Amino acid sequence: MRNLPFVLNGNILRPFYKEDKLRLRNLWKWYLGSAIPTSLKPVAQPMVDKQYAFCSRDTFYFDDYSILNHTNATWTWTFEPQPMWIDDAQKRNPKLSLGG
């Protein structure tokens with residue numbers, strides 16, 4: 001590994017699987033490339049911007065922070081109960097309203 005800082009705090013290194021990079025803040029990036037075995041199965045990490053709706057028309061913003069390279073990835077989101085509205089269940093970051 002070249003171009004590493006002289007002193008390196010390992011607690012601030014972050015794997016960024018989406019682009020096959022290991023990041024040290026915005027100062028340094030190392031291309032992981034073949035360092036991650038392609039046989040690994042994705043680890044799902046769905047995220048949402050809030051836990052509760054304060055109004056029945058509130059929009060929830062979901063995103064995928066899964067451990068995988070997003071190149072050629074596809075998504076299929078399912079929700080229980082079925083939302084009143086969802087913009088696109090086949091994209092990485094859908095928006096939805098549960099209604100009421």
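Keep in mind the model is a prediction, meaning the values are calculated, not measured.
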Indicate every side-chain donor-acceptor pair of residues 76-86 with a distance under 3.5 Å to a residue at least two apart or in another chain.
residue: T76; atom: OG1; partner: Q90; partner atom: OE1; Å: 3.2
residue: W77; atom: NE1; partner: K91; partner atom: O; Å: 2.9

Euclidean distance, D87 CG relative to L96 CG, rounded to 0.5 Å | 8.0 Å
Measuring from L98:CG to Y52:OH, what's the distance to the nearest 0.5 Å?
-> 13.5 Å
Run through D63, T74, D64 and flag the one making a side-chain hydrogen bond (donor to acceptor under 3.5 Å, both in side chains) with R92.
-> D63
Between S56 and S97, what is the shortest heavy-atom contact and its length?
-> O-OG, 3.5 Å
If you look at every heavy atom in A44 and S66, which pair is closest and at what distance?
-> CA-OG, 3.3 Å
Single-linkage hydrophobic cluster, 4.5 Å side-chain cutoff, W75 and V48 together | yes
Side-chain ion pair, D58 and K50, N-O less than 4.0 Å = no
